[in-house]
Amino acid sequence: MERYNAAVAEARWQEIWDEQKVFEAPDDSDKPKYYVLEMFPYPSGRAHMGHVRNYTLGDVVARYRMARGYNVLHPMGWDAFGMPAENAAIESGVHPAIWTRQNIDHMRAQFKPLGLSVDWGRELATCDPEYYGKEQAIFLELLEIGLAYRKEAWVNWDPVDHTVLANEQVIDGKGWRSGAPVERRKLTHWFFRITEFAADLLDALKGLDRWPEKVRLMQANWIGRSEGARVFFPLEGGVGGEGRKIEVFTTRPDTLFGASFCALAADHPLSLELAGNDPDLAEFIEECRKLGNTAEAIETAEKRGYDTGLTVARPVGEPVSLPLYVANFVLMDYGTGAIFGCPAHDQRDLDFARKYDLPVPPVVIPPGEDAADFSIGDEAYTGEGLLANSDFLDGLSSAEAITRVIAHLEENDLGKGAITYRLRDWGVSRQRYWGAPVPIIHCDKCGVVPVPKDQLPVTLPEDATFDKPGNPLDHHPTWKHVDCPKCGGKATRDTDTLDTFVDSSWYFMRYCSPRDEGILDKKAAAYWLPVDQYIGGVEHAILHLLYSRFFTRALRKLGYVDLDEPFEGLFTQGMVTHVTYKDEDGAWVFPENVEKKPDGSLVRVDNGKTVSKGRLEAMSKSKKNVVDPTPIVEQYGADAVRWFILSDSPPERDLLWSESGIEGAWRFTHRLWRLVLENIELLGDSRPEIAKASEFSASATALRQLTHRTIDGITGDIEAFHINKAVARIYELANALGSRPDGPGAEAALLEATECIVRLTAPMMPHLAEELWAALGHKTLLVQEPWPVADPALLARDVVTMAVQVAGKLRDTIEVELDADREAVESLALASYKVQKAIGDGVVRKVIVVPNRIVNIVVG
RNA sequence: GCCCCCGUGGCGGAAUUGGUAGACGCGCCAGACUCAAAAUCUGGUUCCUGCAAGGGAGUGUCUGUUCGAGUCAGACCGGGGGCACCA
């Protein structure tokens, strides 16, 4: 028997699928639609195993749904804007567009041999003007309805690179690339008003029942809803005019009587106003700004405050004056930028109070403590309890007190119940070249002027230079200089580009009508959306998914789509890991540079140094544990790679890439090939139809039952993303196919099982399955064949094996008819020699019979 | 610090959701084929004890609920992830 030549067969089937356009998805169909999407890749230039895993998982779903009779949309594109392209331009002088194009071509060439069921006709790249021009149109429409706006905001500014840095690009308070200490600067930026949907984005998480609980939780935490109250504290002494007051937010209005000070954020308007004629305060504010916002800075910084000398009045109960501070731990962009400090019941406030010698009156008494002698030491009491020293709240529980005090505040116009979210508006301006230009013109006379829609796209100038720091769009000699569309006078373009998260927030909608002249074709969008199954890494659990949810709501408001949630089902896959090796100097070593000596020790091939096996790590260039998919696919074939990736590890967990694993998978492709061809040989020209067989031997029936259980099991496994279990069932059926049935109906049963294993393998190893389907004599393409259906009659068993326990310990098993009655089972169990031996001279107290499962004999 | 998830053979992992722990694969061991090797096929493989039949232990640790616990509850230990001065 000749060997299966994966390379030849895979190329051939890919060509046939391509020619017959089997993966092209029409925008309307009698079939139900199913939209499968994997997160589109950043074209870094090299495909990695993580991509292979991601797209293989999606492909299994897509091919399965096709077989189940769905009109499947399974597109692919490129998240093509972003910094690496610009860095490449700075480092090697290649233009970002050229660099990106080459990478896309290279990666597409790496993906194609995987045999993915992708409709390549819908391919898009976010750096194409056809794409980002539409994005600019969306921007302008968001501006019209107030979901995009401009405001001044504090940003991390890299003084060397002359650019804004995202928080994650600031390491130890320094720019990740320049190493220069990052400054806090106030810049005017574009924002998307995502906070408008904060409540909805949070509430709607409940309905996303096909999302991982973990992701929903992370989003909920990120949105961060806090319930409490806003409370006004009047400024005393007529400062700033009569009736002036500061507004604070608190989640613990029940502790209001425990207030011993109030504090403002450094950038609070009142702080800035007071700093105007208080140089010391101005200096303090400056220090706060320098502090930065890195984790380390925050952790090590002690609580510090500046006493403004002003006082505020406690708004409830007996009149009490509280000192007003400006404090470094109060955030301007959360709540109202001002707090009241209740040291007894908040750790930060307590630290602050101890430092500045402020009173610490307890007002919430923990259960079991006595109000008379309860006092606070070094730890604030943040739990609930009964109120004391709190006027009309005394004796109430924390919960009751909160309700009561809010009612009191509202009746007397001193404050109101309020909800605050941690979520902030999304700053989208980036001072970079390789992104979608903000389609805005700034005119001295007319102010901010949108680029007229008929002048979109605002394209990037091709002749930008990258040899000096800062934004190439800003230094370009001519690009930004334009006439004002309104008054015709001299004006300049906005030189910022949009955050690349904007690009990825709507690409899944654009796929529905990728060549549409407008933003999108409403009919196509209505047909295809939402995405039925989205698949990608957990690293996007928060931002990308949250921004996409926002964009969907925004486009709904604009009338383009009629849905809130873009992704009906979400699956987050694990990483691909590989062992790491380090030599005696602690340097990472490539696996191919490691040799195993006969005594089992490991050495470097190049210099003979001792190597130790490190822990499993996600594949990364820096740890030298990457495996390039392309040579592996060339060596073993795409099916073997796909099979290995799908077996063993559950898709949501990390996958350990190993050489022995891929070889095992490769062996199975050959084993299945041989098994099926042997069966074909055995059957000769006969193709006995299962429906025509009138009688089946025991072995034929057993094989049929396994076949149908396998169909049923794999169907459920794929739907539940238990792909590793589906793989195990294929192995099980393959093992059974090794020993052929005999007697009446044997040939029909064998053919049925053989055809089924081929059909069930198709989503995972599509080329091999197609090859074997043809070998079985079929003229149709397997990819267009329906999914097999399990016969319920063959799923039911007429005889079951029941376990018999004595005192909870397994002693024997018995064969009984399905649903055999209790007494029969009981007496059969008691008749067992092993059971009797185990009972010995004990007394049978009770016999528990769980039908078709287990018998437990309780012995006293 | 707060929130969440996970601990099962040498390894990756199954276990119908409270009912025969270890499916399936990798690895390893033995056998068959071969002059030999590779490939392939067959069998074995949780641990302890025993020639064997068998017996005992066993799902991170300890306690509990139950006729019965990998599964439920409580405490602890270990690993991973998210958020982090959010009032």
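Residue numbering restarts at 1 for every chain, and letters A, B, ... go by the order of the sequence lines.
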Discussion item. Would U17(B) be called syn or anti here, given the cut-off of 90° from 0?
Written reply: syn

Worksheet item: Counting only N and O atoms by type, is there a donor-acceptor contact under 3.5 Å from the side chain of Gln347(A) to the main-chain atoms of Ala380(A)?
Response: yes

Practice prompt. Give the nucleotide from the list C83(B), C85(B), A39(B) with an atom nearest to the side chain of Lys303(A).
Written response: C85(B)

Worksheet entry | Whole-Å gap separating C1' (C4(B)) and CG (Leu205(A)) | 15 Å

Practice prompt. Summarise how protein sits on nucleotides 44-50 of chain B as a single string, 5' to 3': B when a protein heavy atom is under 4.0 Å from the base, S for sugar-phosphate-only contact, - for no contact.
Written response: -------

Worksheet item: Who are the side-chain hydrogen bond (donor to acceptor under 3.5 Å, both in side chains) partners of Arg422(A), not counting sequence neighbours?
Response: none

Worksheet entry | Sidechain-backbone polar pair: Arg642(A) side chain, Gly637(A) backbone, donor-acceptor under 3.5 Å | no

Worksheet entry | Closest to the Arg667(A) side chain, choosing from C24(B), A87(B), U40(B) | U40(B)

Discussion item. Over 60° means perpendicular and under 30° means parallel, so tell me whether Phe668(A) and Trp643(A) are parallel, tilted or perpendicular.
Written reply: parallel

Fill in: Nearest non-hydrogen partners of Leu256(A) and Leu409(A), listed with the distance
CD2-CD2, 4.3 Å

Worksheet item: Among the nucleotides G13(B), A87(B), A23(B), which one has an atom lying closest to any side-chain atom of Ala728(A)?
Response: A23(B)

Discussion item. I need the single residue from Val835(A), Asp812(A), Val844(A) that forms a side-chain contact (heavy atoms from CB on, under 4.5 Å) with Val806(A). Which is it?
Written reply: Val835(A)

Discussion item. Are there runs of at least three consecutive Watson-Crick or G-U pairs touching RNA chain B, with each pair's two distances under 3.5 angstrom? Give them by first number.
Written reply: B:1-7 with B:77-83, B:10-12 with B:24-26, B:27-32 with B:40-45, B:46-49 with B:54-57, B:60-64 with B:72-76

Item to complete: Confirm from the modelled atom types if Lys725(A) and C24(B) form a donor-acceptor pair under 3.5 Å, side chain to base only.
Response: no

Worksheet item: For atom P, what is the distance between U71(B) and U16(B), given to the nearest Å?
Response: 13 Å

Worksheet item: Would you say the side-chain atoms of Ser398(A) pair up with the backbone N or O of Gly385(A), donor to acceptor, closer than 3.5 Å?
Response: yes

Discussion item. Please classify the nucleic acid contact of Leu331(A) as base, sugar-phosphate, or nothing, using heavy-atom distances under 4.0 Å.
Written reply: base

Worksheet item: Do the two ring centres, one from Phe329(A) and one from Phe352(A), sit under 6.0 Å apart?
Response: yes

Discussion item. Please give the distance between the C1' atoms of U17(B) and C86(B) as a whole number of Å.
Written reply: 39 Å

Practice prompt. Tell me which nucleotide among C24(B), G27(B), C86(B) gets nearest to the side chain of Arg422(A).
Written response: C86(B)

Discussion item. So, OP1 or OP2 of A87(B): does either fall under 4.0 Å of a side-chain N or O from Ser226(A)?
Written reply: yes

Discussion item. As a test of reading the structure: which of G27(B), A87(B), C86(B) is closest to the side chain of Val330(A), going by heavy atoms?
Written reply: A87(B)

Worksheet item: What interatomic distance, in whole Å, is found between C1' of G18(B) and the corresponding atom of U59(B)?
Response: 15 Å

Worksheet item: Glu678(A) and Arg740(A): salt bridge (Lys or Arg N to Asp or Glu O under 4.0 Å), yes or no, with the steps?
Response: CA-CA 11 Å; Glu678(A) 278 166 16; Arg740(A) 275 114 196 158; 3.3 Å; yes

Worksheet item: Whole-Å distance between G80(B) P and Leu656(A) CG?
Response: 17 Å

Worksheet entry | Donor-acceptor under 3.5 Å (Asp425(A) side chain, Ile194(A) main chain) | yes

Worksheet item: Any donor-acceptor pair under 3.5 Å linking the side chain of Ser271(A) with the backbone of Asp267(A)?
Response: no

Worksheet item: Arg424(A) has a side chain; which of A39(B), C86(B), G13(B) sits nearest to it?
Response: C86(B)

Fill in: Atom C1', compared across A23(B) and A36(B): separation rounded to whole Å
37 Å

Worksheet item: Would you call Arg729(A) and Glu732(A) a salt bridge, using N to O less than 4.0 angstrom?
Response: no

Practice prompt. Determine the Euclidean distance between corresponding P atoms of G9(B) and C47(B); express it in Å to zero decimal places.
Written response: 12 Å

Worksheet item: Taking OP1 and OP2 of G25(B), is either one under 4.0 Å from a side-chain nitrogen or oxygen of Tyr731(A)?
Response: no

Item to complete: For A69(B) and A32(B), measure between their P atoms and round to the nearest Å.
Response: 46 Å

Item to complete: Using whole Å, report how far CZ of Phe644(A) lies from C1' of C24(B).
Response: 14 Å

Discussion item. Categorize Asp349(A) for me: base, sugar-phosphate, or nothing, with a 4.0 angstrom heavy-atom threshold over every strand shown.
Written reply: nothing

Item to complete: Would you check, one step at a time, whether the test ring-ring contact (aromatic ring centres under 6.0 Å, His included) holds for Tyr356(A) with Phe261(A)?
Response: CA-CA 10 Å; Tyr356(A) 294 102; Phe261(A) 65 97; 8.7 Å; no

Worksheet item: NA contact type, Arg653(A), heavy-atom cut-off 4.0 Å: base, sugar-phosphate, or nothing?
Response: sugar-phosphate

Discussion item. Test your reading of the model: is there a side-chain donor-acceptor pair from Asp654(A) to the backbone of Met575(A), 3.5 Å cut-off?
Written reply: yes

Worksheet entry | Separation between the C1' atoms of G60(B) and C85(B), rounded to whole Å | 36 Å

Worksheet item: Can you find a side chain N or O atom of Arg671(A) that sits less than 4.0 Å from OP1 or OP2 on C41(B)?
Response: yes

Worksheet item: 5'-most contact on RNA chain B: Ile339(A) or Ala807(A), nearest heavy atom basis?
Response: Ala807(A)

Worksheet item: Which listed nucleotide (A87(B), G13(B), A23(B)) is nearest to the side chain of Glu732(A)?
Response: A23(B)

Donor-acceptor contacts, no H, no angles, side chain residues 226-233 of chain A, under 3.5 Å, sequence neighbours left out:
{"unit_1": "Ser226(A)", "atom_1": "OG", "unit_2": "Tyr334(A)", "atom_2": "OH", "d": "3.2"}
{"unit_1": "Glu227(A)", "atom_1": "OE1", "unit_2": "Arg225(A)", "atom_2": "NH1", "d": "2.7"}
{"unit_1": "Arg230(A)", "atom_1": "NH1", "unit_2": "Glu247(A)", "atom_2": "OE2", "d": "3.3"}

Worksheet item: With no hydrogens and no angle check, is any side-chain donor or acceptor of His345(A) less than 3.5 Å from a backbone partner on Tyr381(A)?
Response: yes

Practice prompt. Quick one, give me the B/S/- string for nucleotides 51-57 of chain B, reading 5' to 3', where B means a protein heavy atom under 4.0 Å from the base and S means that only happens at the primed atoms, P, OP1 or OP2.
Written response: -----SS

Worksheet item: Syn or anti for G82(B), with syn set at within 90° of 0?
Response: anti

Discussion item. Using the P atom as the point on both nucleotides, what is the distance between G54(B) and C6(B), in whole Å?
Written reply: 38 Å

Worksheet item: Between C28(B) atom P and Glu663(A) atom CD, what is the distance in whole Å?
Response: 11 Å

Worksheet item: Which whole-number value in Å describes the distance from Arg225(A) CZ to C86(B) P?
Response: 18 Å

Worksheet item: Considering only side-chain heavy atoms of Trp222(A), which listed nucleotide, C24(B), C67(B), A84(B), is closest?
Response: A84(B)

Fill in: Main-chain N/O of Ala198(A) paired with Thr195(A) side-chain donor or acceptor, under 3.5 Å
no

Worksheet item: Among G25(B), C3(B), C83(B), which is the nearest nucleotide to the side chain of Asp648(A)?
Response: G25(B)

Item to complete: Output yes when at least one side-chain N/O atom of Asn724(A) is less than 4.0 Å from OP1 or OP2 of G12(B), else no.
Response: no

Worksheet entry | Protein-nucleotide distance (Arg709(A), atom CZ; A23(B), atom C1'), rounded to Å | 12 Å

Item to complete: Would you mind building the protein contact string for nucleotides 16-22 of chain B? One character per nucleotide, 5' to 3', B for base within reach (heavy atoms under 4.0 Å), S for sugar-phosphate only, - for untouched.
Response: B--BB--

